[in-house]
Structures are given as C-alpha cells and as structure tokens.
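Reading through the structure tokens given below for one structure.
All figures in this text were calculated on a predicted structure; none of them were measured in a lab.
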Amino acid sequence: MGLFDNLERNLERAVKGPFAKVFKAEVQPVEIASHIRGAMDERAAVLGPGRTMVPNVFTVELAETDYERLSSYDRALTDELVAAAEDHADAQRYITPGPFAVRLTSADDLETGIFRVRPASKDGRRPTDRRADAPPQAPRSPQRPPQGSTSARPSPAPPGPHQRPPGQPPVAARSAPAPAASGEGDTRTFPASTAPRRPRQHSGRGPAAWLDVDGRRVGLGAAVTTLGRDESAAVIIDDPGVSRRHAEIRISHDGPRLEVHLRDLGSTNGTYLNGDQVGAEELKDGDRITMGRTTVTFHVDRAR
C-alpha cells in the first residue's frame with residue numbers, strides 16, 4: 001500500500017466523521033466491508049517471500065440506531081462480510097491464523113453513521129497439532145505368525161541313502177509319518193503341528209470411507225485422495241478460498257481396521273477439522289473438514 005493510499009484513507013476519515021454527524025447518514029454494509037479490507041492491508045505482517053499474515057477476526061462497533069437496523073439480519077450480513085474478507089485475502093494472497101469471523105456490537109460513544117472496526121488475530125489451531133509438513137505415520141501392525149511357512153509344507157518322502165546330500169540328517173528322523181503306498185502320494189497325512197494353514201476368511205464387507213460434498217457422495221477408494229480447486233485433484237472443490245492442491249486424505253489398513261488421515265498440503269487459508277486448524281490428523285466418522293467456505297463431512301460405513 002503506497003503513500004497516496006494512506007493519504008486518501010486519512011482524508012476519508014477526516015471528512016466522513018463531521019459529515020456523518022451533521023447529516024445523520026446511516027452506515028451501509030459496503031462501507032463496513034471496505035474498512036475491513038483496509039484493516040487487513042494496514043495490519044499485514046510479512047513473514048517471508050509470498051507469505052503475508054493478516055488479522056482474521058473483526059469486531060464492528062456501531063451506534064445504537066445503526067446496530068438496531070443492521071442486527072435484524074446479522075447472520076446474513078456477517079456471512080457476506082466474511083466472504084468479502086476471504087475474497088480480498090485470496091486476491092492479495094494473504095494468509096490468516098484461523099478462519100475469518102465478523103461480529104457486530106453497539107457502542108454508546110458513537111453517533112449514527114459512525115462506526116469502528118477493531119481487527120484481531122485468533123489462532124484456530126489445536127495445541128496438540130502435528131506439523132503440517134510431517135506426513136502421517138502408518139500404524140504398526142501387530143506381529144503375527146507367518147502363514148504358509150516352510151515348516152507347514154508336506155515332508156517329502158525319505159530319499160534313499162544314495163540320494164541324500166552330504167551332511168544332511170536322515171529324513172527318517174523327522175516326525176512326519178511315512179508316505180502312503182505308491183500311487184497315493186496325494187493322500188499323505190501330516191501331524192497337527194505341521195499341517196498347512198488355510199488363509200483366514202473374513203465374513204461380510206469391510207468398512208468403506210466416503211465424503212459428503214454438498215450432498216454428493218464421493219467414495220474414497222484410492223490410497224491417496226487429493227482435494228483442491230485444480231482440475232487434477234481427485235475431488236474438485238469450486239471455491240475461491242480453496243487452494244489448487246489444498247489437502248489430501250490417506251487410507252491404510254491395520255488388519256480389518258481402517259486408518260484414515262487428513263493432511264494439509266500447505267494451503268493458503270489452511271485446513272480445519274471440526275473448527276480447528278490442523279496439519280495432519282486422523283479422521284473419525286462424522287468429522288467436518290472445512291476448506292475456504294466449503295465444509296466436507298467424512299463418513300465410514302462399517303461392515304455388516
């Protein structure tokens with residue numbers, strides 16, 4: 001923001017106050033949106049190349065008459081002001097410590113047509129969040145005895161003395177019984193300790209994970225599913241507040257148990273799980289994933 005922009009804003013403040021007091025002009029929502037954008041520009045803090053942090057919570061103080069008039073449609077108005085702030089942040093490539101929020105209050109020291117915008121920063125991340133650049137670690141599977149190991153294979157028929165390799169103990173010392181008569185090689189029996197094991201059969205279907213995107217069911221069949229605004233994303237979200245490659249969902253299995261993790265991909269506006277900003281977090285059935293102004297719900301269909 002240049003010198004002329006500062007001069008123009010100072011002149012606007014100097015002229016608007018006295019005129020509003022004289023003519024009792026009512027506050028218009030477009031004026032509030034303009035002041036919120038100006039507050040973001042004034043409080044912008046450069047963190048590094050291409051990374052500028054701005055406030056994300058704005059308290060709008062109004063005169064009693066303006067507050068009574070605007071508070072009648074408070075929810076719709078604040079939603080529009082939040083959308084305007086998000087559009088400005090996306091256009092300027094700003095980042096925020098949390099989601100945008102706008103609150104209207106009344107102030108006794110203000111007259112009709114006069115209002116104040118108080119910006120603040122609120123960190124929406126969880127205290128126990130893991131780093132965003134650390135990929136989720138797949139859980140370790142419990143050690144299980146190998147199935148179909150060499151100890152379970154049928155013992156071959158004892159070879160003759162001239163067929164036994166040098167140094168190998170006689171096959172007759174093994175606990176397996178002698179093979180059946182000639183022509184019945186497939187009917188040999190084995191002790192219980194050496195009988196081949198059959199793979200375990202699972203009854204029913206395993207759990208299936210899916211997303212509810214604006215009432216549309218999107219199945220998570222791949223090991224990695226990318227969410228974003230780019231056409232190459234597996235789940236395309238048409239939202240200006242969503243980055244081209246915003247987040248990803250990774251699926252792994254611990255036996256019959258399904259492990260699903262959400263990971264932010266360094267998005268501009270961050271990824272929020274149930275209202276808290278996250279870097280990488282495990283998903284549970286019913287969790288709400290917020291990206292920009294879009295909320296996606298995660299579901300798991302358990303085995304029947």
Side-chain angles (χ1 to χ4, degrees), residues 1-21 24-125 239-243 267-270 272 275-277 290-293:
M1 184 171 59
L3 175 63
F4 289 103
D5 294 329
N6 284 327
L7 179 60
E8 180 181 359
R9 183 170 286 106
N10 292 334
L11 288 174
E12 178 185 358
R13 292 173 180 172
V15 174
K16 180 181 177 181
F19 272 87
K21 293 180 180 179
K24 302 294 182 183
E26 296 178 335
V27 174
Q28 300 299 325
V30 65
E31 297 177 293
I32 300 176
S34 176
H35 277 69
I36 289 177
R37 289 192 293 266
M40 293 168 63
D41 295 336
E42 290 180 354
R43 298 293 185 93
V46 179
L47 304 180
R51 295 179 60 84
T52 303
M53 182 78 73
V54 295
N56 62 312
V57 178
F58 301 92
T59 301
V60 181
E61 297 180 352
L62 301 163
E64 186 65 28
T65 54
D66 288 321
Y67 178 76
E68 291 179 358
R69 177 174 56 88
L70 296 178
S71 61
S72 59
Y73 45 97
D74 176 77
R75 181 63 180 273
L77 175 59
T78 54
D79 286 348
E80 290 299 323
L81 293 175
V82 167
E86 291 174 343
D87 292 342
H88 185 64
D90 187 64
Q92 300 297 326
R93 298 187 178 275
Y94 290 151
I95 61 175
T96 63
F100 283 103
V102 178
R103 185 168 63 97
L104 304 180
T105 62
S106 62
D108 297 334
D109 61 327
L110 296 179
E111 299 184 20
T112 302
I114 304 298
F115 66 96
R116 284 190 295 262
V117 175
R118 297 188 183 275
S121 298
K122 182 179 178 182
D123 193 345
R125 295 176 297 177
D239 186 332
V242 175
S243 298
S267 61
T268 302
N269 295 321
Y272 297 84
D276 296 323
Q277 187 173 8
T290 302
M291 297 170 289
R293 301 185 65 191

How far apart are the closest heavy atoms of [X] and [Y], and which atoms are they?
X      : Y      : value
Ala85  : Ile36  : CB-CG2, 4.2 Å
Gly292 : Glu86  : O-OE2, 4.2 Å
Ser243 : Thr268 : OG-N, 3.0 Å
Phe115 : Leu62  : CB-CD2, 3.6 Å
Phe58  : Ala39  : CE2-CB, 4.1 Å

Any side-chain heavy atom of [X] sitting closer than 4.5 Å to one from [Y]?
X      : Y      : answer
Ile32  : Val102 : no
Pro119 : Met40  : no
Val60  : His35  : no
Phe100 : His88  : no
Glu26  : Leu70  : no

Handout entry: Side-chain donor/acceptor of Asp66 to backbone N/O of Gly113, under 3.5 Å
Key =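 Checking the backbone N and O of Gly113 against the side chain of Asp66, a donor-acceptor pair under 3.5 Å is found.
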Reported [atom1]-to-[atom2] distance for the pair [X] and [Y], which is rounded to 0.5 angstrom:
X      : Y      : atom1 : atom2 : result
Thr96  : Lys122 : OG1   : NZ    : 12.5 Å
Thr112 : Arg69  : OG1   : CZ    : 9.0 Å
Glu61  : Asp109 : CD    : CG    : 7.0 Å
Met53  : Ser121 : CE    : OG    : 7.5 Å
Asn56  : Ile95  : CG    : CD1   : 11.0 Å
Arg116 : Thr59  : CZ    : OG1   : 11.5 Å

Practice task
Inspect the contact between Arg37 and Asp41 and indicate whether a charged nitrogen and a carboxylate oxygen are less than 4.0 angstrom apart.
Solution key: no
